[in-house]
Number of protein chains: 2
Amino acid sequence: MNSSLDIENFLKDFSCNCKNVQKKSFRKNQTITTYIQKRNQVCILLSGAADLVRYDLNGDKSIIEHFSKNDIFGEAFYIVTTNNELSVEAKKNCEVLFFIYDNIYQKCRNNCKFHQILSANFSNLILNKVMDLNTRIEILTKRTIREKLRGYFNILSTRSLSKTFILPFSLTDLADFLSVDRSAMMRELKSLKDEGFIKKNGNRITLLYK
Amino acid sequence: MNSSLDIENFLKDFSCNCKNVQKKSFRKNQTITTYIQKRNQVCILLSGAADLVRYDLNGDKSIIEHFSKNDIFGEAFYIVTTNNELSVEAKKNCEVLFFIYDNIYQKCRNNCKFHQILSANFSNLILNKVMDLNTRIEILTKRTIREKLRGYFNILSTRSLSKTFILPFSLTDLADFLSVDRSAMMRELKSLKDEGFIKKNGNRITLLYK
DNA sequence: TGATATTTGTTGCTTTTGCAACAGAAAAAG
DNA sequence: CTTTTTCTGTTGCAAAAGCAACAAATATCA
């Protein structure tokens, strides 16, 4: 989306005096927010990287979403149920903008530039989000670990316009992202290597098939 | 979302003379659209039910999304890759509105009511979509068939405000939706029944746990 | 209504995945 | 620079899931 460039520039040095819009910084491994019903919070990640994670009753961790620069997230996009605790964890040092959803289309008292540009760009930000979510679902609906890996690798390859690309995850996190057991995934990665489908150096992957 | 009521009323008897907005009818099992890169088509399902499906190289079918009344979909929300064919299939007779994404925020020549209301409500329509997608991901990230079933049943129970609810799918389609083998799912359903977690009559399910 | 197609329910067997555990490599912290 | 922590790579075994096949029940269609 070329429109993300507009947003990027404006977010970099936004200023708004509304008490409803806040910019906060987080250090790696801190919890940025926990999803709570009815608060309707929306966040934009200005810099850094973060994951939306769920710990289920067995203590298994799932990475529900992976956020990087300019991604939008927050409980406003979620129907929060009682069965699971969702929280957003900083994977690197992060800067995050917080506001509430109701606020987006309301003109703020100051009629500040932030609100103007935000409401103009909100749909595009969400559209990007929808595309990411659809991509994620595409991968998760694949039946086997092998297909998930190949599906994800294809996407990364397409995005980087190259057969070679760098995984945006540690292998441990990749397993959580694909929602599979890490050791099983490692086994499958090894088979893919042995059978000549991929080449792997650390987290640099090269696809060897068409 | 209470805002969906506005949309519902206006969609029911919309009229727009733009050549870029079309309303079409489909019979059960017809293909409503196939996703093609760059066309940027957006669709709103006015009535009926439809599924976004993918057939992979092995011929396995996955239901990527399930659409009901007032759901929004289309290739504009997708990064279409070469590896898979995505199409939307009518599960019942359907009425569908077609237009292109660029069109949403452009004022049409006629400045018609449709475009006015659509741009005002587009964000809410997408927001609902994001919530659905997030819900779907929640379920797909569960590790076992049992957890997927229970996760999905919890959601249906919450939505219907009751321990008893009707599955919106045939069991065959439910398996495709959860992206698992049907016979394995049936086995798991049987265990859930035998162990006293659920009661099942056709596609009416009752949860027996807390 | 009768014929045809689809869905449900079930099972034996095979393959895949998850689990647990551990050693070595790499990265982070002090 | 050394220690501590996290990540990678691997394995044997157990559990879960997929596959194939079929009969019975339902639904659809002509």
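Throughout, protein chains are lettered first and strands after them, A, B, ... in sequence-line order, and every chain is numbered starting at 1. Because the structure is predicted, anything quoted here is derived from the model rather than measured.
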*Going by the angle between their ring planes, with limits at 30° and 60°, are A:F177 and A:H66 parallel, tilted or perpendicular?*
perpendicular

Taking for A:R187 and for A:G202 the nucleotide of DNA chain D with the nearest heavy atom, the one nearer the 5' end belongs to A:G202

In whole angstroms, the gap separating C1' of D:dA16 from CE of B:M186 amounts to 18 Å

(request) May I ask you to evaluate whether B:S183 reaches the phosphate of D:dC19, defined as a side-chain N or O under 4.0 Å from OP1 or OP2? (result) no

Enumerate all atom pairs, one protein N or O and one N or O from nucleotides 25-29 of chain C, separated by less than 3.5 Å.
none

query: Between B:Y78 and B:F73, does the ring centroid distance fall short of 6.0 Å?
result: no

To the nearest angstrom, the NZ-C1' distance between A:K142 and D:dG18 comes to 17 Å

Here the gap from B:M131 atom CE to B:L127 atom CG, rounded to the nearest 0.5 Å, amounts to 4.5 Å

The helix from C:dT1-D:dA30 to C:dG30-D:dC1: angle between terminal helix axes, five bp per end, to the nearest 10 degrees, reads 70°

B:M185 CE to D:dA16 C1', in whole Å, measures 16 Å

B:L171 atom CG is separated from D:dA24 atom C1', nearest whole Å, by 15 Å

- Message: Please tell me if B:T172 has a side-chain N or O lying less than 4.0 Å from either OP1 or OP2 of C:dT8.
- Response: yes

message: Classify A:I145 by what it touches in the nucleic acid, base, sugar-phosphate, or nothing, heavy-atom distance under 4.0 Å.
response: sugar-phosphate

(message) Closer than 4.0 angstrom, basic N to acidic O: yes or no for A:E65 and A:R136?
(response) no

For the pair A:T164 and A:R204, evaluate side chain to side chain donor-acceptor pair (under 3.5 Å) and give the outcome as yes or no after the intermediate values. CA-CA 7 Å; A:T164 299; A:R204 159 180 262 106; 5.7 Å; no

Quick note, B:D181 side chain, CB onward, closest among D:dT10, C:dT8, D:dG18 is D:dG18

Is B:K200 touching bases, backbone alone, or none of the nucleic acid, heavy atoms closer than 4.0 Å?
sugar-phosphate

**Message:** Distance to the ring centre below 6.0 angstrom and angle to the axis at most 45 degrees; does that hold for A:K23 and A:F98?
**Reply:** no

**Prompt:** At under 4.0 Å between heavy atoms, what does B:R182 touch on the DNA or RNA strands: base, sugar-phosphate, or nothing?
**Reply:** base

Assess whether side chain to side chain contact (heavy atoms under 4.5 Å, CB included) is satisfied between B:K148 and B:V180, documenting all intermediate values.
CA-CA 9 Å; B:K148 284 178 185 167; B:V180 298; 4.0 Å; yes

- Can you tell if the side chain of A:I72 reaches within under 4.5 Å of the side chain of A:V42, non-hydrogen atoms only? yes

Whole-Å distance, B:D176 CG to C:dT8 P, equals 11 Å

From CG of B:L167 across to P of C:dG9 the rounded distance in Å is 11 Å

**B:E95 vs B:F26, side chain to side chain contact (heavy atoms under 4.5 Å, CB included): CA-CA, chis, key distance, verdict** = CA-CA 6 Å; B:E95 284 180 305; B:F26 297 88; over 6 Å; no

Do B:V88 and B:T31 come close enough that some side-chain heavy atom pair is under 4.5 Å? no

Atom CD of A:E188 and atom C1' of C:dT17 are separated, to the nearest Å, by 9 Å

Taken to the nearest whole Å, NZ/B:K190 to P/C:dT11 is 6 Å

By nearest-nucleotide position on DNA chain D, the 5'-leaning member of B:R146 and A:N203 is A:N203

